[in-house]
Every structure is written in C-alpha cells, then in structure tokens.
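The next block holds one structure in the form of structure tokens; read it before the comments.
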Amino acid sequence: MMLVAVSALLSTAAWAQSAGYSVVAKGFDQVEGEKVYLYRFDGGNPVAVDSAVVKGGAFTFKGDATGVEGYRLVSKGLKERRLAEFILENGNITLTRDAERVTVGGSVANEGYAAYNKALEPTIKRVREIAIAVRDTTVTEEQRNALIEEYYGLQDKMTAVASEHMELNINNRFGAYLLKSQGREFDAEKVVALIEKMPKEYCDAGVQEVKKFAEIVIKTQPGKPMTDFTQNAPDGTPVTLSAIVKQNKYTLVDFWASWCGPCRKDMPHLVKVYEQYKSKGLEIVGVSLDDKEALWKKGLETLKMTWVQMSDLKGWRNEGAGLYAVRGIPATVLIDQNGIIVARDLRG
C-alpha cells in the first residue's frame with residue numbers, strides 16, 4: 001500500500017514538473033480584439049515566442065519554461081504598447097489588470113519581482129521628477145548640477161536595491177534574472193558567493209558570464225598583480241603593457257575611444273597631468289576601444305594624446321578591456337613599477 005502511495009506521489013510530481021506553464025490573463029479590455037505578443041529577452045534581443053487574441057479582456061499562453069530570461073507582454077508590436085513584464089516559469093501564472101497596474105500571481109519568482117518593483121517605486125518617481133526638472137529653463141546651473149548629482153546617487157540606490165533583492169531571491173528564477181541583467185554592477189565577491197548557492201538549473205551561460213566578469217573584477221582590484229597584454233600601436237608596432245610598466249615609476253592605463261564624449265571631456269586633464277609628471281616617472285598607455293583605424297588616429301591628433309597608444313580595433317570586444325573587466329569608459333588602472341595595481345577608475 002505504501003509503495004502504491006509513493007508511486008502515485010512520484011507520478012503526480014513528475015506530471016506537475018512536465019506540465020509546463022499556463023499564463024491566464026484577464027482585465028485587458030483596453031486591447032479587446034487585438035493580438036498580444038509574448039516576447040523573451042534573450043541576451044537583450046527580443047524574440048517573440050507566442051501570441052494570442054484578446055477576447056472578453058482575457059487570453060491564455062501555454063508552453064514549457066526553459067532558461068532564465070525576462071518576458072514582456074505587448075500589443076501592436078514590440079515598441080507600441082507595453083502591457084506587462086514578468087518571469088516565466090512552469091506552473092499556473094495569472095495576469096490581472098486593473099485601472100493602475102498588472103498584478104502577477106501564482107509564481108514565487110514573480111512575487112519576488114513584485115516586491116522588487118514596489119521597493120523601487122519611490123526612487124523611480126524621484127528619477128522621473130529630476131528628468132523633468134533638469135529640462136526646466138528657469139533652473140540655474142548650480143541647481144541643475146545638484147539635480148544631476150542627486151540623480152547619480154539614486155542610480156546607486158537602485159543598484160543597491162537590485163543587489164538586495166537578488167540575494168533574497170537567489171533560489172528562484174527572479175534572483176537569477178536580476179543577476180544576469182544587472183550582476184556586473186553588483187559587488188563582485190558577493191556575486192561569486194551567491195552563484196555558488198544558486199540552484200544548478202539556473203546557472204546557464206548568462207550566469208556563468210557574469211561570474212567570469214566578477215572573478216576578473218576581483219583579480220584586478222588594487223593590491224593585485226597586473227594582467228599583461230599586447231596590442232598594436234598606431235604604426236602597427238606591437239606594444240606590451242608590462243614592458244612599459246617596467247620602465248616607469250607609475251603607468252596609467254586609460255581605456256577610451258574617439259567616439260566617447262566623457263573620454264574627450266577628460267582628455268585635457270590627462271594632457272596636463274602627463275606634461276607635469278612625465279619627467280618624474282609617469283607614463284600613460286591609451287587603450288582605444290575604437291573599431292575604425294582612421295577615427296582612432298584622428299582622435300589621437302585632435303586630442304593631442306602624445307603618450308603610448310595601443311588597440312586591437314575590436315571596439316567593445318577589446319581583449320585588454322576584457323582582461324580588466326571594463327564595463328564603461330573612460331576607465332583607468334594605475335600600476336606601479338613592480339606591476340602591482342595601485343588604483344582604479346581615477347577621473348579628472
């Protein structure tokens with residue numbers, strides 16, 4: 001009798017696991033008669049996976065959830081009307097629309113998503129207020145600068161909220177989704193530790209990429225030995241970073257590109273620093289993330305960059321930038337003569 005009961009239980013569990021997902025939506029009267037589309041954002045690229053026609057304000061999607069991706073429900077094409085965003089996982093998921101919002105139910109991951117969105121609401125509201133305020137022509141330059149400074153502080157706050165909710169949901173699909181979509185902004189050691197705790201079924205290629213990035217961040221922090229690489233100078237001559245480092249008291253590696261506005265804005269500061277400290281043992285190595293040789297060389301001339309330059313002309317796939325986990329430019333790494341990283345991301 002016990003064996004029969006256990007067998008029945010296992011059969012039920014296996015059926016539930018293979019039953020896939022059922023997304024039942026209601027209250028979508030504003031798009032009555034329209035076709036709605038379910039999009040998966042796979043690595044940032046939208047892929048339509050299903051569609052349905054709204055009848056009586058309701059529609060249903062069925063399928064099998066694989067991977068860890070964000071999903072978006074839209075009508076009239078991807079850019080026309082966004083209806084909802086949620087995490088798709090096997091089970092019974094409900095989408096209920098009222099006058100203000102869409103509520104997602106029946107899913108642990110989406111409960112985590114809802115809590116995250118609620119935690120972000122006050123900050124997002126203030127960000128929108130700032131976006132309007134900075135365009136106000138009556139705002140003084142001092143007030144505008146204060147608003148911009150507040151804006152960047154709020155960006156940091158949103159990153160902190162995302163990191164917190166990633167940790168809270170590390171055992172479900174939403175935590176994995178947050179890690180994949182924003183993990184490069186989180187504390188690297190925390191990311192690596194949490195990935196070790198994450199259920200194996202969520203550790204897909206995207207999660208592994210974030211882990212690899214975090215490991216490089218940890219490896220290239222101040223106090224760690226530099227990572228060497230070789231790329232070509234503008235005249236085609238190979239330049240090896242370690243060779244430059246050995247010849248100077250300090251070497252500042254500057255990741256930049258001719259098309260980068262903030263890089264161009266910072267360049268006069270670097271020119272002045274180089275003129276002042278070159279004779280005292282400072283060298284600068286510019287690593288360009290350009291992918292067009294002519295634009296790279298023109299940028300060097302226009303910006304009066306007379307120090308060592310190198311590039312592999314692979315744009316954002318620059319191998320040197322990858323070795324130092326560069327996620328935005330300008331980015332700098334200061335290295336002493338012994339090849340030890342002294343500081344990162346110095347500006348101005």
Side-chain angles (χ1 to χ4, degrees), residues 11-121 124-125 127-128 131 158 162 165-166 169 171-182 199 201-202 204-207:
S11 297
T12 301
W15 176 85
Q17 190 174 17
S18 64
Y21 64 80
S22 172
V23 180
V24 178
K26 59 182 180 180
F28 287 79
D29 303 274
Q30 87 281 18
V31 288
E32 180 68 23
E34 294 183 13
K35 182 174 281 190
V36 293
Y37 301 87
L38 184 64
Y39 277 89
R40 180 183 74 244
F41 283 77
D42 187 0
N45 301 313
V47 179
V49 297
D50 207 347
S51 64
V53 176
V54 181
K55 295 181 180 178
F59 56 89
T60 301
F61 292 122
K62 290 182 180 293
D64 187 47
T66 58
V68 181
E69 306 297 344
Y71 283 77
R72 181 175 296 172
L73 182 67
V74 301
S75 68
K76 293 186 177 180
L78 181 61
K79 297 181 180 179
E80 295 297 320
R81 184 184 290 161
R82 184 185 303 183
L83 301 176
E85 292 186 5
F86 58 99
I87 306 298
L88 194 61
E89 58 184 347
N90 291 334
N92 297 317
I93 299 174
T94 60
L95 304 179
T96 307
R97 182 178 180 87
D98 57 26
E100 296 184 359
R101 68 187 69 197
V102 175
T103 302
V104 184
S107 162
V108 172
N110 284 294
E111 288 174 2
Y113 202 170
Y116 166 68
N117 286 331
K118 186 175 181 180
L120 280 182
E121 278 182 2
I124 291 176
K125 180 182 178 182
V127 166
R128 289 171 177 165
M158 287 194 289
H165 282 261
M166 174 197 70
N169 293 276
N171 290 318
N172 65 60
R173 264 190 170 89
F174 177 58
Y177 168 70
L178 264 182
L179 189 142
K180 283 179 63 173
S181 59
Q182 299 188 48
E201 63 265 32
Y202 302 148
D204 61 11
V207 170

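As the structure is a computational prediction, the values presented were derived from the model and not from experiment.
Checking side-chain atoms of Glu32 against main-chain N and O of Gly57 turns up a donor-acceptor pair under 3.5 Å. Under a 3.5 Å cut-off, the side chain of Asp50 and the backbone N or O of Phe61 do not form any donor-acceptor pair. Without hydrogens or angle criteria, Asp204 side chain to Val207 main chain gives a donor-acceptor distance under 3.5 Å. Using a distance-only test at 3.5 Å, with no hydrogens or angles considered, no donor-acceptor pair links the side chain of Glu111 to the main chain of Gly105.
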Between Phe59 and Phe28, is a ring-ring contact (aromatic ring centres under 6.0 Å, His included) present by the stated rule, with each step listed?
-> CA-CA 9 Å; Phe59 56 89; Phe28 287 79; 5.3 Å; yes
For side chain to side chain contact (heavy atoms under 4.5 Å, CB included), just list the numbers for Val49 and Tyr71, CA-CA rounded to whole Å, side-chain angles, deciding distance to a tenth of an Å, and then say yes or no.
-> CA-CA 10 Å; Val49 297; Tyr71 283 77; 4.1 Å; yes
Ile124 and Met158: side chain to side chain contact (heavy atoms under 4.5 Å, CB included), yes or no, with the steps?
-> CA-CA 8 Å; Ile124 291 176; Met158 287 194 289; 4.0 Å; yes
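No side-chain donor from either of Lys26 and Thr96 sits under 3.5 Å from a side-chain acceptor of the other.
Annotation: side chain of Val23 is not in contact with side chain of Lys62 (no heavy-atom distance under 4.5 Å). Residues Leu88 and Tyr21 form a side-chain contact, since some pair of their non-hydrogen atoms from C-beta on lies under 4.5 Å apart. Side-chain contact check for Arg97 versus Asp29: every heavy-atom pair is 4.5 Å or farther apart. Tyr177 places none of its side-chain heavy atoms less than 4.5 Å from the side chain of Tyr202. Counting only heavy atoms from C-beta outward, the side chains of Val24 and Asn92 never approach each other to under 4.5 Å. Side chains of Leu83 and Val74 form no contact here, defined as non-hydrogen atoms less than 4.5 Å apart. By the 4.5 Å heavy-atom criterion applied to side chains, Arg173 and Leu178 are not counted as neighbours.
Atom CZ of Phe86 sits about 10.5 Å away from atom OG1 of Thr94, to the nearest 0.5 Å. The line from CD of Glu85 to CG of Leu73 is 10.0 Å long, rounded to the nearest 0.5 Å. Separating the CG atom in Asp64 from the CG atom in Asn90 is a distance of 4.5 Å, to the nearest 0.5 Å. Within the model, atoms CG of Asn110 and CG of Leu95 stand 8.0 Å from one another, a figure rounded to the nearest 0.5 Å. Taken to the nearest 0.5 Å, the CZ atom of Arg72 stands 11.5 Å off from the CG atom of Leu38.
Contact between Gly175 and Met166 at its shortest, heavy atoms only, is O-CG, 3.6 Å. When every heavy atom of Ala176 is checked against every heavy atom of Val68, the shortest pair comes out as CB-CG1, 3.5 Å. The two atoms that bring Ser22 and Thr60 nearest to each other are OG-CG2, 4.2 Å, heavy atoms only. For the pair Glu89 and Val108, the tightest heavy-atom approach, listed with the atom from each and the gap, is OE2-N, 3.6 Å. The two residues Ile87 and Ile93 have their closest heavy-atom pair at O-CD1, 3.9 Å. Between Lys180 and Gly206, the shortest heavy-atom contact is CE-CA, 3.9 Å.
A salt bridge links Arg101 with Glu121: at least one charged nitrogen is closer than 4.0 Å to a carboxylate oxygen.
When ring centroids are compared, Tyr116 and Phe174 come within the 6.0 Å threshold.
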